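For the numbers below, each heavy atom of this structure counts, side chains included, while hydrogens, waters and symmetry mates do not. It should be emphasised that the depicted structure is a prediction, and the values quoted were computed from it without experimental measurement. Each chain gets a letter, A, B and so on, in the order the sequences are listed, and its residues count up from 1.
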Amino acid sequence: MFDRIWLTYKQQRFETLAVAVMCLGAAAWALLASWHLNSVGVPASCLVDGGVPYWNGPSNASWIPGACQLPSQRFTDALTSLDVGIASSLGDVLPFFVGIAMGAPLVARELEQGTAPLSWSLAGARWKWLAGRILAALLLIVPLLLIAGLAADVLRGAQAPGTDPHASFHYFTSRGVFLVLWGVAALMGSVALGALFGRTMPVVVVALIVCLFARATWEPLTDAYVLRGMTVLQMPGASSPGELLVYESSGLYLDGKPWQGDLDAWWNAHTTCTLTDGAESCVGPSYPGPQLAWYVVTGDHYWQVVALESAIMLAGSAALGALALFWVGRRRPY
Amino acid sequence: MATDAGALVARATGVALQAHGLSKRFGKKTALDAIDLTVPAGSVTALVGPNGAGKTTLIRICMAFERPNGGRVEVDGVDPWKHRSEALRGVGYVPQTPAVYRGLDVDDHLAMARSLHSGFDAEYARKRLNQLGIPLDQRADTLSGGQAAQLGLAIALGTRAKVLLLDEPLANLDPLARREFIQVLIDAIRSDGSTVLLSSHIVTDVEEACDRLVILGAGKVLLDCPLEEARQAHKLTDSKSPPPGGIAVGSFAGKGLTRLTLWRVPADAGEGAAAATEPASLEEVVLGYLAAGRGTTGLQLN
Ligand SMILES: Nc1ncnc2c1ncn2[C@@H]1O[C@H](COP(=O)(O)OP(=O)(O)OP(=O)(O)O)[C@@H](O)[C@H]1O
Ligand SMILES: [Mg+2]
C-alpha cells in the first residue's frame, strides 16, 4: 500500500508539489496577515460589538471615543491592506485548485498516456486500483487543507479581535474544516469527470465551472433548506456577534413574536389624532411597532452547523467517489 | 461458484482460452464476426493477420477492455466481462503500444506491478531486465522503443500468469532480442506451464516457439490448426492446376512475376500430391490465407 501511495505522488509529482506549496503558502500568508492585524494592538476597551469600530475618516467617526480613534484608524488600514485582503480571499479558491489539481489527472492522465491498459490488467479490480489512488490523494490534501483552514480561522479571529472564530459564522464556509470539505468534494468530482472524459484539460475546465457554481449556490441553498429549522427570531437590538442571518421573514414581528395582521389597522389603532383649528396632529405609540423579522442562527450553534454541513458535503463527495469507481469500471482503458 | 466450476472444467478439458460465436462491432465496422476459437492449455498460439484483422480486438475482449456484441470468451474458464478480477488474476498482458509511465523509472514500474498484482515476481522481472542490460534506475520515458517493449514483457512475465496475452510483443525488438524473447517464452512455458496467445504479423518470427497457428482475416478465423498440420497440409504451385485432391486457398504474387497459389491438400490425398508440388513454407501458408481473406482470389473459405 505504501508503495502505491508513494508512486501516486511520484507520478503526479508536479501536482503534489504544487498542492503542498499552495496550501502551506496560503497558511503562512494567513498567519502573517494575522500577525499584521494583531500588531496594531487595539485595546479591549475599544471593541464594539465584538469588533474594532470601522474608521471611516474623521468626519464620520465622531461616534468612536477619542482614545480609540487612532487604533481604529490603524486597524482599518491594516484590514484593507492588500496582504490581508488577498489572504482572506485565498480560502475561497484554494480548496478548488487543490482538489482539481490532484483529482483531474488521477484517472485521466493514465488514459491520456496509455498506461491504463497496463495498470488495469495488473490490478484486476479497477475500483481497488482507483480507491488506492484516491486514498493517496486524500492523505495528501486533507492534512494540508486542514492546516490552511486552521490558519484561515486564526486570520478570521484577528480580523474581528473580540470574537471567537469558532463561535462566529463570518465567512465560516471559507475557513476551518470547510477548506478540507471543499477540497475533498472538488477532488472526488474531478476524479469522476476524469473517469468519464478521460482527458485532463477538459476535466479541469468543467470542474472549475462546476466548483464555481457549487460555491456560489451553497450558502443560499443551505440557508433555504438546511438551516431554517435552527433559526431563532432576533430581538431588536439583541444582535449577537458572529450570528448568521439565515433569512429575513416576509412577515412581521411585534414584541418579540411573529405577528400577522393588518399593518394599517394596527397603526390606526395605536395612533391618536386630534383636530385643532382645522389642523390634524397625530401621535403614534411610544414603542416600536411591528417590524420586519430577522431569523438568525446564533454563534453558539457554530459546531452544530459545521457538523451538519460537513455531513452533507461528505455524503456528496462519497457519492461522487462512488460514481468515479463505477465509471472507471465501465470505460475503455484508452 | 459458477466461475470456479468453469475454471475446473477448463482445467479438466485443457482449454486455456475459448471464444464462442464472438462478435465485436465498432459502429458499422465489424471487427470480429462470430468467431470460434479454442486455445489449448500449455500451447503457444500465434495469432496472425493483416492490419485491422481484429487481433487486438480479440485480445482486448479477453482483457475485459471491450465488451463483445455477441458470443462470449472464457479465459481459464472465466468470462472476463462478468468476473473481471478473477479472470485477470491469471493473465499477463502486453499491449500493442508499450505503456510506460512518464517520470517513473524502470524499478518504479516493477514496484507498481507488485503493489497492484499480489503474485507479481519482481525479482524475476528484475533479473530479466538486468540480462537485457536495461538499467533499473533509468526513467522509463527515456527507454528506446524496444527497451520499453522489453519492460512491458518483463512485467507480463513477472505476473507468472497461466495465460499470457501478448499483442505484437516482437514488433519493436531487434533480431537478437526477438530470439532471446522467444527463448524466454519457451522457458516460461516449460517452467510454469503457461499458455500463450501471441499476435504478430510475421509468422517466421514466432515459428520456433509456437505450436498452433490462428489466422484472422477481416474478423473471421481463416485457419486454426497445429503448426505442423499447417505446414504439411498445404502445397504451393505457380500454376492454376491443382495438385491431386488439392483445394485452392488463395493466390498471391510470388518473387518475380509469378503468381503463386496455395492449395490445401487433405492428408488422404495420396503420395502423388506430395511429390508433384512444392511444400509450402509457413509464411506462404499465411500469405495464401490472407489473400483469401482479402478476397483477392476467386475462392473464399468457410
Ligand atoms: N475503439 C475502436 N473504435 C472504432 N473502431 C475500432 C476500434 N478498435 C478497433 N477498431 C477497428 O476494428 C478493426 C480491428 O482492429 P484491431 O485493432 O483489432 O486490428 P489488428 O488486427 O490488431 O490490427 P494491427 O495489426 O494493425 O494491430 C479495425 O478496422 C479497427 O479500425
Ligand atoms: Mg493490433
**Student:** Is any residue of residues 119-126 of chain B within less than 4.5 Å of chain A by heavy atoms, and which ones?
**Tutor:** none
**Student:** State, yes or no, whether a side-chain contact exists between A:Phe172 and A:Arg156 at a heavy-atom distance under 4.5 Å.
**Tutor:** no
**Student:** Go through the steps to decide whether A:Glu309 and A:Thr173 satisfy the test side-chain hydrogen bond (donor to acceptor under 3.5 Å, both in side chains), and finish with yes or no.
**Tutor:** CA-CA 9 Å; A:Glu309 296 198 8; A:Thr173 55; over 6 Å; no
**Student:** Can you pull out the residues in residues 42-65 of chain B with any heavy atom less than 4.5 Å from chain A?
**Tutor:** B:Arg60, B:Met63, B:Ala64, B:Phe65
**Student:** Considering residues, nucleotides and ligands other than A:Trp127, do more than 12 of their heavy atoms fall under 6.0 Å from its CH2?
**Tutor:** no
**Student:** Please classify the contact of B:Val94 with chain A as side chain, backbone, both or neither, using a heavy-atom distance under 4.5 Å.
**Tutor:** neither
**Student:** Only heavy atoms, only distances under 4.5 angstrom. Which residues in residues 327-334 of chain A are near chain B?
**Tutor:** A:Gly329, A:Arg330, A:Arg332, A:Pro333, A:Tyr334
**Student:** Give, for atom CG of A:Leu212 and atom CG of A:Leu208, the distance between the pair rounded to the nearest 0.5 Å.
**Tutor:** 8.0 Å
**Student:** Could you state the interatomic distance from CG (B:Leu198) to CG (B:Leu170), rounded to the nearest 0.5 Å?
**Tutor:** 6.0 Å
**Student:** Going from SG on A:Cys23 to CD1 on A:Ile147, what distance comes out if it is rounded to the nearest 0.5 angstrom?
**Tutor:** 8.0 Å
**Student:** Near B:Phe26 CZ, under 6.0 Å, is it more than 12 heavy atoms from other residues, nucleotides or ligands?
**Tutor:** yes
**Student:** Quick check for you: among B:Arg84, B:His117, B:Arg89, which has the greatest number of heavy-atom pairs under 4.5 Å with chain A?
**Tutor:** B:Arg84
**Student:** Using a cut-off of under 4.5 Å for heavy-atom pairs, which of B:Val100, B:Leu88, B:Leu116 has the most such pairs with chain A?
**Tutor:** B:Leu116
**Student:** Measuring heavy-atom distances to chain A, does B:Thr97 have an atom under 4.5 Å in its side chain, in its backbone, in both, or in neither?
**Tutor:** neither
**Student:** Does the side chain of B:Leu165 reach to within under 4.5 Å of the side chain of B:Val91, using non-hydrogen atoms?
**Tutor:** yes
**Student:** If contact means a heavy atom pair closer than 4.5 Å, which residues of residues 90-122 of chain A contact chain B?
**Tutor:** A:Glu110, A:Gln113, A:Gly114, A:Thr115, A:Pro117, A:Leu118, A:Ser119, A:Trp120, A:Ser121, A:Leu122
**Student:** How long is the gap from OG1 on B:Thr195 to CG on B:Asp76, to the nearest 0.5 Å?
**Tutor:** 7.5 Å
**Student:** Check whether any side-chain N or O of A:Asp3 sits under 3.5 Å from a backbone N or O of B:Ser115 as a donor-acceptor pair, and report yes or no.
**Tutor:** no
**Student:** In this structure, which one of B:Asp167, B:Leu216, B:Val214 forms a side chain to side chain contact (heavy atoms under 4.5 Å, CB included) with B:Ser199?
**Tutor:** B:Asp167
**Student:** Just wondering, more than 12 heavy atoms not from A:Tyr171 lying within 6.0 Å of its OH?
**Tutor:** no
**Student:** What distance do B:Leu129 atom CG and B:Ile134 atom CD1 have between them, rounded to the nearest 0.5 Å?
**Tutor:** 5.0 Å
**Student:** I'd like to know whether CH2 of A:Trp303 has more than 12 heavy-atom contacts from other residues, nucleotides or ligands below 6.0 angstrom.
**Tutor:** yes
**Student:** Between chain A and each of B:Arg102, B:Met112, B:His109, B:Arg114, count heavy-atom pairs under 4.5 Å; write down the option with the most.
**Tutor:** B:Arg102
**Student:** Any Lys/Arg nitrogen of A:Lys10 or B:Asp105 sitting under 4.0 Å from an Asp/Glu carboxylate oxygen of the other?
**Tutor:** yes
**Student:** For side-chain contact (heavy atoms from CB on, under 4.5 Å), just list the numbers for B:Leu164 and B:Leu157, CA-CA rounded to whole Å, side-chain angles, deciding distance to a tenth of an Å, and then say yes or no.
**Tutor:** CA-CA 8 Å; B:Leu164 293 172; B:Leu157 292 173; 3.6 Å; yes
**Student:** Is any side-chain heavy atom of B:Lys82 closer than 4.5 Å to a side-chain heavy atom of B:Arg72?
**Tutor:** no
**Student:** With heavy-atom distances below 4.5 Å as the criterion, would you say the side chains of A:Val184 and A:Val142 are in contact?
**Tutor:** yes
**Student:** Working to the nearest 0.5 Å, report the span between CH2 of A:Trp218 and CD1 of A:Ile312.
**Tutor:** 5.0 Å
